[in-house]
Number of protein chains: 2
Amino acid sequence: MKNRRVLEPIMQESTPSLIAAQLRRNIADGALAPGTQLVEADIAGELGVSRGPVREAIQRLTQEGLLVSIRNRGVFVSEIDESDIRDIYEARTAVEKAAGGILAQRDHARAGAELLRFVERMDKASAAGDGSAISEADMAFHQKLVELAASPRLSRIHATLLTETRMCLNRLQGRFEDESARVAEHRGIAEAIRDGERDLLMDRLDAHKDDALVRLLSAHEGNKTTAS
Amino acid sequence: MKNRRVLEPIMQESTPSLIAAQLRRNIADGALAPGTQLVEADIAGELGVSRGPVREAIQRLTQEGLLVSIRNRGVFVSEIDESDIRDIYEARTAVEKAAGGILAQRDHARAGAELLRFVERMDKASAAGDGSAISEADMAFHQKLVELAASPRLSRIHATLLTETRMCLNRLQGRFEDESARVAEHRGIAEAIRDGERDLLMDRLDAHKDDALVRLLSAHEGNKTTAS
DNA sequence: TTCCGTATGATTGTTGACAGCGCGTTGGCA
DNA sequence: TGCCAACGCGCTGTCAACAATCATACGGAA
């Protein structure tokens, strides 16, 4: 049986996966604010399914750390405090350094070139002044970086951390001052990979983390009053 | 189902958690061999609970990567091939390097001293020729290393990777040749942390990974016939 | 003999209902 | 007025039953 064209993998996503994806998106982009309570029955009714699949989806997000569940009370969207922001970026950088290390010692050139294309996208978005497009390309850059390392576990871990990062970024809401610097950082990372400069890459990834933390934490300080 | 336990510490752990822990232990120590099918109804009957909690526990382990679920077919204990072993150790080392980096720049001395205690335990077990005790202390060392970094996310990720490591180690089953070298490696890592020698620590963690991979992959080669 | 269609059995996916726990509120009492 | 206890409500935890789906085995036709 020979198919000249790929007949579409026709893999229907399971119901809980679909629900989880939808909830995850809503949490990531801030539609569901931190602290919000999610009620299984309400969501089930809203989606037209039973509580079972909803429960399963919620359980999944709980394990990802996006929700916290209190027995016999309810599940709530996780609140993110300053130490969480640090933790997220620490963990994310750890994963990206590992991925970068793998890339630096095989496939430098191709991976670097691929990543530079994402930097171009960021650059265009920056020139157009489209803040959300910059963030989008930013996320895509980091995701691609890890994806290129072809490590299932690193990819899975990173995906989780990336949605948490999105939650962090919602606090900034477009008030970036130095977007050109942000683009330059990514270009530096991509170039270090392209050239196989392992040590330089590690330094730049660490610096990228530190810069992001400075930006986020100062902003967090400013938003403190609205956090209650 | 009624719980007739009287005056236990309080059964605050949820039922699915207990089931998941039990299954996880059985998978980690090889009681449930890779490829084994788990049937919800059977487990439920065996434990005297309904399929609901069992399903939730299975779903949790699936997300951890210990089980693979095929729709309408069943869930099976994950098979681990050579690339998985590499991936597990790559990811685990990434986490431990991050944790080590945090420790090296604050709390060197205390953390190093604490870890050296675990090295002592390994040493004693090695002297006694107790293979499983060595592995136990080995795991405990790595867990403690990450725990000391006080990063919730790194800890959670690491815990998952550690159970997968246990699955890998089941293939060796006590045929270690150079256990003294194994102990020495851990001592070297602990000392590098104690002294705040960041670069040295990173090198030693990488070396530890490479050594483990050599051991495991050669053993894996030998076990290939039993893998069908 | 080989291939296709069908029947059957097993297992997961989904549903609605019931029970238990904790919080908030209300009512009574000092 | 202030405090305590009992009550009710909302929600999750758990359960048993039903539906959907896939793998396998079997039987018949080319």
Side-chain angles (χ1 to χ4, degrees), chain A residues 1-3 7-23 27 32-79, chain B residues 1-23 27 32 34-79:
Chain A
M1 96 140 55
K2 193 76 172 168
N3 294 339
L7 247 333
E8 288 195 27
I10 203 168
M11 173 73 153
Q12 56 172 343
E13 203 85 18
S14 72
T15 311
S17 288
L18 294 171
I19 300 173
Q22 202 165 335
L23 287 176
I27 293 172
L32 289 171
T36 307
Q37 178 170 12
L38 299 184
V39 180
E40 292 180 0
D42 292 355
I43 299 174
E46 219 164 306
L47 295 176
V49 295
S50 176
R51 269 181 58 209
V54 173
R55 189 179 171 77
E56 203 166 315
I58 286 178
Q59 211 258 341
R60 215 173 288 196
L61 298 187
T62 301
Q63 205 172 353
E64 290 178 14
L66 270 61
L67 303 176
V68 288
S69 170
I70 307 177
R71 252 181 82 105
N72 294 316
R73 282 258 312 205
V75 294
F76 306 84
V77 180
S78 295
E79 312 254 13
Chain B
M1 271 295 153
K2 273 271 168 54
N3 264 317
R4 308 211 162 278
R5 285 280 190 277
V6 275
L7 284 180
E8 287 257 335
I10 304 171
M11 126 91 140
Q12 198 145 14
E13 201 84 19
S14 71
T15 311
S17 289
L18 294 172
I19 300 173
Q22 203 163 334
L23 287 176
I27 294 172
L32 290 171
T36 307
Q37 177 169 12
L38 299 184
V39 181
E40 292 180 0
D42 292 356
I43 299 174
E46 220 164 307
L47 295 176
V49 297
S50 174
R51 270 181 57 210
V54 174
R55 190 180 171 77
E56 203 165 315
I58 286 178
Q59 210 257 342
R60 215 173 287 195
L61 298 187
T62 301
Q63 205 173 353
E64 289 178 14
L66 269 59
L67 302 176
V68 289
S69 170
I70 308 178
R71 247 181 89 103
N72 295 313
R73 283 256 309 195
V75 295
F76 305 83
V77 180
S78 295
E79 311 254 14

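A search for side chain to side chain contact (heavy atoms under 4.5 Å, CB included) contacts involving A:Arg51 returns A:Glu40, A:Ala41, A:Ala44, A:Arg55, not counting sequence neighbours. Annotation: side chain to side chain contact (heavy atoms under 4.5 Å, CB included) contacts of A:Leu47 (sequence neighbours excluded): A:Ile19, A:Gln22, A:Ile43, A:Val49. Judged as a side chain to side chain contact (heavy atoms under 4.5 Å, CB included), and not counting sequence neighbours, the contacts of A:Gln63 are B:Arg60, B:Gln63, B:Glu64. Evaluation of the side chain to side chain contact (heavy atoms under 4.5 Å, CB included) rule for A:Ser78 yields A:Val68 as partners, not counting sequence neighbours.
Note on residues 41-50 of chain B: no pairs pass salt bridge (charged side-chain N to carboxylate O under 4.0 Å, His left out), not counting sequence neighbours.
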Across nucleotides 10-18 of chain C, 5' to 3', mark each nucleotide with B, S or - according to how protein heavy atoms within less than 4.0 Å reach it. -SBBBBBB-

